[in-house]
Amino acid sequence: MDIITARGLTKDFNHTRAVDNIDFDIKKGECFGFLGPNGAGKTTVMRMLYCVVVPTSGTIKVFGLDIEDNPSIIKSRIGVMPQDDNLDIELSALKNLIVYARYFEIPYRTSRKTAYNLLEYVGLTEKADENIKNLSGGMQRALLLARSLINSPEILILDEPTTGLDPHSRHNVWNKLKDLKEKNTTLILTTHYMEEAERLCDRVAIMDRGRIITIDSPKNLMETHGGNLEYVYLKLTGKRLKGKENGENNLS
Amino acid sequence: MEKTICLKRAFRVWQRHLTVYTKLYKTSIALNFVEPALYLIAFGIGLGAFIKDINGVPYIKFIAPGIIASSSMFAATYECTYGTYVRMTFQKTFDAILATPININDLIAGELIWAATKSMFYGTIIIVAISAFRLVDSPFVIAIIPILFLSGLVFAEISMVCTAVVPGIDSFNYFYTLFMTPMFLFSGIFFPLDVLPPAVAKIAFFTPLYHLTLICRSLVWGSAGGIAGSIAWLVVVILIIAPLAFILMRKRIIK
């Protein structure tokens, strides 16, 4: 069953076409990746999914509902782990989750309990009362992941979930995502790490300059084109991914 | 896009700001209170030693109600200029909130209502302070508090319009130097408008601060007469600027 359907999706920012007439369907329970270098349009697609960017043309349906007509209903059923850390830096880890739960109208008692469970889930129980400023980068990402799960979302949107993380923290995030997938959460992620896409994604959309070049499983892509995903990407777009240039692709 | 405002969701934004504020109030409160206290001392006591009285009223007593007005005004404007800008741009708080069921209009309404609340709170503290100095004549002074919420909305909306259009945080200097400071100085807090050139006095007459000062002065001195028109003007300004604040802010945030 398709949980997200996008047709003819296009977005212009001041005469620059960021997303160029793309179509995609995402199935319930799958892990779907948008793969591409910075500027490929991945983040714009993510932000359209949670209604912060309005499409110039085309439609997106999430849970069968049009995003332009039902943003609140849709957003109440999805979780978002953004690319930028946007935690409330003045508050403790626990308070961050409780404040966030209020946006979803989750009652205090429930949210407190859920917040403690989530902190345990991401390994931050001991940091519950710690101010955000005193958490490491990896811990802040973990807290962002916990926050995105506060409403038990059916769809989890992750915009470059492991960018800037050390290998250990990166593996922690991957393990959590695998676990969530087993629990039948639909995962949508953007990445420019090939290894991340290979390990996690059932299907990937390869993006370049706002367009989707192809959508397929990493396995099929590698079999069809030969070599690893990195090579497939290079072959399809004539470009290397940004991670390679910075030597960041040496992940594990 | 949803065109309506859900007050319940706006309240969640308000609640978030309150939670953060209760962590920070010790440092931020000083910023807003030290200044009015300095004005009261410098002008009321210092300058007051030479001026003695205006129309038979001791000078410190003349300016005290205006300090309620200006203090609550600056509380709202700081909140919706620097405060809103930092949340929108540097802390990316708005991105975090908009990924939840809260929509853009709810968020903007929450920002405005929070600023108005803070405006009311800071003005109330000044009321308490000047009462302690026996500068208040009448229990009518209590009636100022809800009016401060209204005027807080006015100043919050004006600031929000500014925040929606500034290219960067430094540009607020223009807003304060060219708009807020002149309004503060020429809205009848420190001297009656009739000494100004008629053209300037006319402009001053339309500023919300002039009317708020008038309301505060009447109620502190114990005469409620003549404030209905001023309250009505505040409401009119709220209604005129609200669509502008929402449309421009929405345009800035939702791409």
Side-chain angles (χ1 to χ4, degrees), chain A residues 11-14 16 18-19 43-44 46-56 66-92 95-96 98-106 108 131-132 144 147-148 150-151 153 156-157 159, chain B residues 1-29 79 82-111 114 167 247 249-255:
Chain A
K11 180 64 191 179
D12 295 333
F13 292 116
N14 305 322
T16 309
V19 174
T43 298
T44 306
M46 296 296 109
R47 290 172 72 82
M48 285 196 274
L49 288 178
Y50 60 91
C51 322
V52 185
V53 170
V54 184
T56 306
D66 194 292
I67 52 158
E68 296 204 39
D69 302 332
N70 307 283
S72 280
I73 300 171
I74 292 170
K75 289 192 289 177
S76 69
R77 295 167 64 185
I78 65 178
V80 176
M81 181 175 172
Q83 195 175 338
D84 303 305
D85 288 348
N86 55 21
L87 296 160
D88 287 321
I89 49 166
E90 302 89 349
L91 305 177
S92 69
K95 208 77 189 176
N96 258 280
I98 289 173
V99 166
Y100 214 69
R102 290 200 295 232
Y103 302 140
F104 293 89
E105 298 298 332
I106 301 169
Y108 179 69
N131 197 295
I132 298 303
L144 276 170
R147 194 183 70 177
S148 71
I150 196 81
N151 57 326
L156 185 58
I157 295 173
D159 197 0
Chain B
M1 263 307 138
E2 287 187 356
K3 300 277 184 224
T4 53
I5 300 169
C6 172
L7 280 181
K8 195 175 181 186
R9 295 200 291 254
F11 171 70
R12 295 303 176 195
V13 176
W14 181 92
Q15 220 179 359
R16 180 259 172 210
H17 293 341
L18 182 67
T19 306
V20 170
Y21 182 70
T22 51
K23 293 267 167 203
L24 297 179
Y25 73 98
K26 280 174 199 149
T27 46
S28 72
I29 219 159
E79 190 60 35
Y82 293 107
T84 300
Y85 192 86
V86 165
R87 286 190 285 273
M88 173 172 76
T89 313
F90 300 119
Q91 298 186 341
K92 311 222 179 271
T93 314
F94 287 6
D95 274 354
I97 294 176
L98 291 172
T100 73
I102 315 277
N103 294 324
I104 181 68
N105 285 346
D106 313 327
L107 172 61
I108 299 167
E111 291 281 313
W114 168 248
I247 291 167
M249 202 62 188
R250 195 187 167 106
K251 215 173 144 190
R252 171 134 201 178
I253 297 171
I254 302 291
K255 296 288 191 300

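Computed over heavy atoms, backbone and side chain alike; hydrogens, waters and symmetry mates excluded. Chain identifiers are assigned alphabetically (A, B, ...) following the order of the sequence lines, protein sequences preceding nucleic acid strands; residue numbering begins at 1 within each chain.
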Mind checking the CD-OG1 spacing from A:Glu90 to B:Thr93? Nearest 0.5 Å is all I need.
-> 7.0 Å
Over all atoms of both residues, closest heavy-atom pair of B:Ile254 and A:Cys51 = CD1-O, 4.3 Å
Under a 4.5 Å heavy-atom cut-off, does chain B meet the side chain of A:Arg77, its backbone, both or neither?
-> neither
Which portion of B:Lys23 sits near chain A, non-hydrogen atoms under 4.5 angstrom = side chain
Hey, does the side chain of A:Tyr100 reach the backbone of B:Thr100 with a donor-acceptor pair shorter than 3.5 angstrom?
-> no
Atom CG in A:Asp84, atom CD in B:Gln91: separation rounded to 0.5 Å?
-> 12.5 Å
May I ask you to say whether B:Arg12 pairs ionically with A:Glu105, meaning some side-chain N is under 4.0 Å from a carboxylate O?
-> yes
Residue A:Tyr103 versus chain B: region with a heavy atom under 4.5 Å = both
Do the non-hydrogen side-chain atoms of B:Asp95 and A:Pro82 ever get within less than 4.5 Å of each other?
-> no
Residue among A:Ile157, A:Asp88, A:Asn151 with most heavy-atom pairs under 4.5 Å to chain B = A:Asp88
Heavy-atom closest pair (A:Asn86 atom, B:Lys92 atom, distance to 0.1 Å) is CB-O, 3.2 Å
Can you tell me if B:Lys255 uses its side chain to pair, donor with acceptor, with the backbone of A:Thr44 under 3.5 Å?
-> no
B:Pro101 and A:Ser72 have their tightest heavy-atom pair at O-OG, 2.6 Å
How long is the gap from CZ on A:Arg102 to CZ on B:Phe11, to the nearest 0.5 Å?
-> 8.0 Å
Check A:Lys75 against B:Leu98 and note the closest heavy-atom contact, atom names and distance.
-> NZ-O, 2.7 Å
